[in-house]
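These notes concern the structure reproduced below.
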2 protein chains.
Amino acid sequence: MIAKDIPDIVVSRLPRYLQTLEHMQKDGIRTTSSQELGDLIGISAAQIRKDLSQFGEFGKQGKGYSVDFLVDQLRQILNVNRSWDIVLVGAGNLGHAIANYQGFGNHGFSIVMIFDSDPALIGQKIGNLTVQDAAQMVDLVRASGIKVGMITVPAQAAQAVADELVKAGIQAILNYAPINLTVPEGVHVQHVDPIIYLQRMTYYLA
Amino acid sequence: MIAKDIPDIVVSRLPRYLQTLEHMQKDGIRTTSSQELGDLIGISAAQIRKDLSQFGEFGKQGKGYSVDFLVDQLRQILNVNRSWDIVLVGAGNLGHAIANYQGFGNHGFSIVMIFDSDPALIGQKIGNLTVQDAAQMVDLVRASGIKVGMITVPAQAAQAVADELVKAGIQAILNYAPINLTVPEGVHVQHVDPIIYLQRMTYYLA
DNA sequence: GCAATTTCGTGATAATTTGCACAACACTTC
DNA sequence: GAAGTGTTGTGCAAATTATCACGAAATTGC
């Protein structure tokens, strides 16, 4: 695609740009500027211009950016102009809630397999999926070619699940377990942990 | 308490240190080093030492850090050596899942009020709480003195809810709605959005 | 058509953040 | 009790990240 020496921190901002631009799109806004976008997101206009300029020249002087065009470009850059199948491991309360969450589908993410090791959960229906036996996970996931996984098992089981997912060829893991995962180079992990976000704020509270 | 001007980025790492140290504590580990902690978290030993040194001298040369002591210090720094009451706004699927999530209690966070504007939800029981009418939220929250809120309403309602929470005296908001919130200076927001985390990873996938 | 205005893309500069390396100290071993 | 080893806290240097500010291009208004 494009030169791969783009800093992580730049990449990490792009989804927020895309999200905001998609809202604009829905509101019928056809054109925007780095200034307007920055005000909405709460960062400087210069930063947005510099970030985008890493990937190409998407704007027009005096005019700004076409919202539709920029959305399209960002989707290409982020590889979300396609759909991604996802495997979910852990069919407990949290797993259920996530499997039932409608927000993924609207953005091209689709949970297509759910696993658990608890016999009481295996065979259960969640939406139109059936919870499958975790013992078969590696084989089934590898055969499916799925590249993205989510972990919603208890902390003490999470690293073992991550290891299996890696073995199955998974390259990106969204981890809901409250523990740090160690994965090989080339596998990406993002950690979703509300406790950590709360503690980042309580620091500032009197 | 801590009068200094500590960079945000340092503060944002502390909860992860605390989490990891708490796991060590549970495993019966009494002493650790910046090296060991760094290996577990995946950051450099020097960074950990430098981060901690912003707040005091917690270690001993040649010996390392007492896990118990460091956990205690970090809890003090992060203001989590106490309990925090939380108001949850939005009693839909996501709100239900979060209200039922047991993980908060173990870390001193306790959801004590739930609001929604949907008459079909008001009056419903979730655990031992009853969903209350959002119209009364500002008064009830202000009277309660609660400082932390969570937003689990649809995107289009989130900013209005945030405005009300601010009016009610809330100073920290954990936002699950997929939209950027604008809040006055002094109010802290953390955004939990799985879509954004997924997109941060798909960028790197072939 | 031309001046005024807007806004981009970017090189230069400033600020922030990270990493290095070492003195100081503490424990261990012999 | 001295030598050896391990580990902290930190000044300084390096690397990274953000901001500034300006030329160039596009648009608007008269």
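First the proteins, then the strands, lettered A, B, ... as listed; each starts at 1.
- Across the protein-nucleic acid pair, A:Gln54 atom CD and C:dG11 atom C1' stand 14 Å apart, rounded to whole Å.
- Taking only side-chain nitrogens and oxygens, A:Arg49 never comes nearer than 4.0 Å to OP1 or OP2 of C:dG9.
- Between B:Ile6 atom CD1 and C:dT17 atom C1' there is a gap of 14 Å when expressed in whole angstrom units.
- In this structure A:Arg142 satisfies the salt bridge (Lys or Arg N to Asp or Glu O under 4.0 Å) test with no other residue, sequence neighbours excluded.
- Atom CZ in A:Phe55 sits about 16 Å away from atom C1' in C:dT10, given to the nearest Å.
- A distance of 13.0 Å separates CZ in A:Arg13 from CD1 in B:Ile196, rounded to the nearest 0.5 Å.
- Side chains of B:Arg200 and A:Ser12: no donor on one and acceptor on the other come within 3.5 Å.
- Listed by residue number, there are no residues of residues 64-73 of chain A with a heavy-atom contact under 4.0 Å to DNA chain D.
- Side-chain atoms of A:Tyr204 and B:Asn79 form no donor-acceptor pair, as typed in the model, at a separation below 3.5 Å.
- Distances shorter than 4.0 Å separate some side-chain N or O of B:Ser44 from OP1 or OP2 on C:dG19.
- Summarising the geometry, the separation between CG on B:Asp51 and P on C:dG19 is reported as 10 Å, rounded to the nearest angstrom.
- For B:Arg16 and A:His191, the side-chain atoms include at least one donor-acceptor pair closer than 3.5 Å.
- Under 3.5 Å, the side chain of A:Lys50 and the base of C:dG9 form no donor-acceptor pair of N or O atoms.
- Checking side-chain atoms of A:Ser144 against main-chain N and O of A:Ile146 turns up a donor-acceptor pair under 3.5 Å.
- Rounded to whole angstrom, the span from the NZ atom of B:Lys63 across to the P atom of C:dT28 amounts to 8 Å.
- Rounded to an integer number of Å, the gap from CD of B:Glu36 to P of D:dG6 is 14 Å.
- Whole-Å rounding puts the A:Glu57 CD to D:dA25 P distance at 11 Å.
- Distance A:Gln61 CD to D:dA25 C1': 4 Å, rounded to the nearest Å.
- In the model, B:Gln159 has a side-chain atom that pairs as donor or acceptor with a side-chain atom of B:Asp163 under 3.5 Å.
- Residue B:Ser34 has a polar side-chain atom (N or O) positioned under 4.0 Å from OP1 or OP2 of D:dT8.
- Contacts of residues 7-18 of chain B with DNA chain D (heavy atom under 4.0 Å): none.
- Using cut-offs of 30° and 60° on the angle between ring planes, the pair A:Phe58 and A:Phe69 is perpendicular.
- The residue from B:Ile151, B:Ile98, B:Leu88 that alone fulfils the side chain to side chain contact (heavy atoms under 4.5 Å, CB included) condition with B:Tyr176 is B:Ile98.
- Proximity of A:Gln47 to the phosphate of D:dA18: a side-chain N or O atom is located under 4.0 Å from OP1 or OP2.
- If you find the closest nucleotide of DNA chain C to A:Leu52 and to A:Gly62, the one lying nearer the 5' end belongs to A:Gly62.
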